[in-house]
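Everything on this sheet refers to the single structure shown next.
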Amino acid sequence: MSDTSTPAPRLLLASQSPARLATLRSAGVTPEVRVSGLDEDAVLDAATARFGALDPADAVLVLAQAKAEEVAQVLTREARERDEASDAVGPEESAPIVVGCDSMLELAGEVYGKPKDADEATARWRAMRGRSGVLHTGHWLVDLRDPQDGGSGATLGATSSTTIHFADVTDAEIAAYVATGEPLAVAGAFTVDGLGGAFVESIEGDHHGVVGISLPLVRELLGEIDVAWTDLWA
Ligand SMILES: Nc1nc2c(ncn2[C@@H]2O[C@H](COP(=O)(O)OP(=O)(O)OP(=O)(O)O)[C@@H](O)[C@H]2O)c(=O)[nH]1
């Protein structure tokens, strides 16, 4: 029986990804969405300057953390401005738990985000057909809840990594797939749940982590701050 005095936890998705939002909704969680205006290249450059070359699993975690923390800072500033502007002591809405994500494909020692154009998408598919890669998705949580609402003040994250076995597609299939435009909007130039699904022979690891957010990993991270996944269904 959950404690009825504590408001149900709220998740806020710090991502413009329609696939991440749809994945959470299909799992019974309807988060608010705030998009971070992050310069991902600048974040990676700063991290590389500080820590040296990053493994792909670390690079996506650095970016997920940066997105979540940037949105968390905006929310905190907005809450402070609301408090300062209003002397009315009303029922404060409980602050959310922010989740940020980032996905990249690792293939033959290279790391790929979204292709910059159709030519790059074509070249990538010619390189990856018949081969295997790893789709890494970084996840980062920032718990903004007040202590009286069970807030931990914690910030934590982890990466899910799923091996993707690509079909040996033909040049004609590549051309047709690139012409749909789908590969240009997604990390690794493929989807496992969309038009690209026919070109993924099998995967080893979490399916949703490929789509953009690993549900079991988010459940595990929430567990570390004493939040039950099912409390998000409220
Ligand atoms: N539907 C679907 N989307 C995928 C798949 N693989 C990658 N993506 C999407 O590709 C995008 C990866 O780019 P990111 O930089 O991580 O995220 P984004 O879309 O730019 O959004 P932000 O989180 O706001 O940065 C995400 O929107 C993922 O949901 C897939 O197999 N299926």
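We count ligands from 1, going down the list as the structure has it; atoms in each ligand are counted the same way.
Residue Met104 does not touch ligand 1, judged by heavy-atom distances below 4.0 Å.
Under the side chain to side chain contact (heavy atoms under 4.5 Å, CB included) test applied with Thr23, the options Leu13, Ile213, Val29 reduce to a single match, Ile213. Test Val210, Val211, Val200 against Asp193 for side chain to side chain contact (heavy atoms under 4.5 Å, CB included) and you get one pass: Val211.
Nearest protein heavy-atom contact of atom 24 (O) of ligand 1 is Gln16 N, 2.9 Å. For atom 25 (O) of ligand 1, the nearest protein heavy atom (residue, atom name, distance) is Lys67 NZ, 2.7 Å. At the top of the distance list for atom 15 (O) of ligand 1, counting protein heavy atoms only, stands Asp102 OD1, 3.4 Å. The single protein non-hydrogen atom nearest to atom 27 (O) of ligand 1 is Ser17 OG, 2.8 Å, given as residue, atom name and distance. For atom 17 (O) of ligand 1, the closest non-hydrogen atom on the protein side is Arg20 NH1, 3.0 Å.
Proximity annotation for atom 32 (N) of ligand 1: of Ile164, Val211, Asp193, Asp193 comes nearest, heavy atoms only. The heavy atom nearest to atom 6 (N) of ligand 1, considering only Thr191, Val210, Val186, is found in Val210.
Near Ala19, meaning under 4.0 Å from one of its heavy atoms, ligand 1 places the atoms 1 (N), 2 (C), 3 (N), 29 (O). Atoms of ligand 1 found under 4.0 Å from any heavy atom of Ala187 (numbered from 1 in listed order, with element): 7 (C), 10 (O), 11 (C), 12 (C). Every atom of ligand 1 is numbered from 1 in the order shown, and the set under 4.0 Å from a heavy atom of Lys114 is 13 (O), 18 (P), 19 (O), 20 (O). Remark: ligand 1 atoms within the under-4.0 Å shell around heavy atoms of Ser15 are 21 (O), 22 (P), 23 (O), 24 (O). Near Phe190, with a cut-off below 4.0 Å to any heavy atom, the atoms of ligand 1 are 5 (C), 6 (N), 31 (O).
Shortest non-hydrogen contact noted between Leu215 and Asp206 is N-OD2, 4.1 Å. Between His136 and Ser161, the shortest heavy-atom distance links the atoms ND1-OG, 2.7 Å.
Using a 4.5 Å cut-off on side-chain heavy atoms (C-beta onward), Arg145 and Ile225 make contact. At least one side-chain heavy atom of Pro31 sits less than 4.5 Å from a side-chain heavy atom of Leu21. Looking only at side-chain heavy atoms (C-beta outward), Glu69 and Trp140 come within less than 4.5 Å of each other.
Asp171 has a carboxylate O that lies under 4.0 Å from a charged side-chain N of Arg129, or vice versa, which qualifies the two as a salt bridge.
For Glu78, the side chain to side chain contact (heavy atoms under 4.5 Å, CB included) partners are Arg34, Val74, Leu75, Arg82, not counting sequence neighbours.
Residue-ligand proximity: Glu40 is placed with a non-hydrogen atom under 4.0 Å from ligand 1. Within the 4.0 Å heavy-atom shell around ligand 1 one finds Ser103.
Counting only residues at least two apart or in different chains, ring pair (Phe, Tyr, Trp, His ring centres under 6.0 Å) contacts with residues 141-169 comprise Trp125-Phe166, Phe166-Phe190.
Inclusion of Val192 in the set of residues having an N or O under 3.5 Å from an N or O of ligand 1 is warranted.
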